[in-house]
Amino acid sequence: MVGAIPRGSVSTYGAVARAAGLPGRARMAGRALRESPKEMKLPWHRVVGAGGKIVFPRTTVNHREQARRLRAEGVVVKAGRVSREAIVDLEQF
DNA sequence: GAACTGACTGTAA
DNA sequence: ATTACAGCCAGTT
């Protein structure tokens, strides 16, 4: 689950979907997150695209917000990408 | 039910 | 490194 992503690490949509037993539903994962109210306090910002790249255009607030929060957790965000080291495939959960 | 659409991904030019 | 494109699947139109 997204909430299982350890602080200071990020994962990918595909990985999340797989972990949920839904291979090939990467998009659905993103959709789910989008619909999920923040009251659920899900660390949606710890979910990025494959290779650790942020899916939103860098001009959007979403992108800024995500990058900002990730950096706040110690994740290195550079040019709309997170350090590959910070990415966890979520396979261990 | 066809046609779009999208918080995706991998391959190719 | 950037851009294009084709699979992908579920929800909308």
Side-chain angles (χ1 to χ4, degrees):
Chain A
M1 205 33 196
V2 187
I5 301 175
R7 188 166 154 308
S9 301
V10 299
S11 189
T12 71
Y13 292 97
V16 172
R18 246 183 342 213
L22 307 168
R25 279 74 165 166
R27 289 185 127 126
M28 208 187 83
R31 193 177 187 313
L33 286 179
R34 190 185 57 178
E35 301 299 319
S36 299
K38 30 182 197 307
E39 283 68 45
M40 201 182 292
K41 299 184 181 70
L42 289 175
W44 63 270
H45 54 275
R46 296 189 196 157
V47 183
V48 297
K53 86 177 165 50
I54 297 179
V55 297
F56 324 106
R58 88 175 149 349
T59 62
T60 69
V61 291
N62 253 347
H63 175 280
R64 238 209 349 262
E65 181 62 19
Q66 177 168 30
R68 206 199 71 102
R69 293 184 130 191
L70 287 177
R71 275 192 297 257
E73 293 182 356
V75 179
V76 181
V77 181
K78 177 178 302 191
R81 300 284 195 82
V82 299
S83 172
R84 199 159 61 62
E85 306 303 304
I87 306 172
V88 57
D89 237 4
L90 204 55
E91 312 259 310
Q92 42 187 300
F93 304 99

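By convention in this document, chain letters (A, B, ...) are assigned in the order of the sequence lines, proteins followed by strands, and residues within each chain are numbered from 1. Keep in mind that this is a model prediction, so the values were computed, not measured.
- Annotation: side chain of Leu33(A) is not in contact with side chain of Val16(A) (no heavy-atom distance under 4.5 Å).
- At a threshold of 4.0 angstrom between heavy atoms, the contacts of Arg34(A) include nucleobase atoms, whether or not backbone atoms are also involved.
- In this structure, Glu35(A) atom CD and dT12(C) atom C1' are separated by 12 Å, rounded to whole Å.
- When each of Arg31(A) and Gly51(A) is assigned the nucleotide of DNA chain B with its nearest heavy atom, Arg31(A) is the one assigned upstream, toward the 5' end.
- With a 3.5 Å ceiling on both atom-pair distances, dA7(B) lacks any Watson-Crick or G-U wobble partner.
- Counting atom types as modelled, Arg25(A) pairs no side-chain N or O with a base atom of dC9(C) as donor and acceptor under 3.5 Å.
- To the nearest 0.5 angstrom, Ile87(A) atom CD1 is 9.0 Å from Arg81(A) atom CZ.
- Here dT2(C) presents its C1' atom at 11 Å from CZ of Arg81(A), a figure rounded to the nearest Å.
- Put simply, the side chain of Arg25(A) gets close to the backbone of Pro23(A): a donor and an acceptor are under 3.5 Å apart.
- Side-chain atoms of Arg69(A) do not come within 3.5 Å of backbone N or O of His45(A) as any donor-acceptor pair.
- Nucleotides of DNA chain B with any atom under 4.0 Å from a heavy atom of chain A span, from 5' to 3', dG6(B) to dG10(B).
- For the pair Arg27(A) CZ and dT12(C) C1', the interatomic distance rounds to 14 Å; values are reported in whole Å.
- When all heavy atoms of Ala19(A) and Leu90(A) are compared, the pair lying nearest together is CB-CD2, 3.9 Å.
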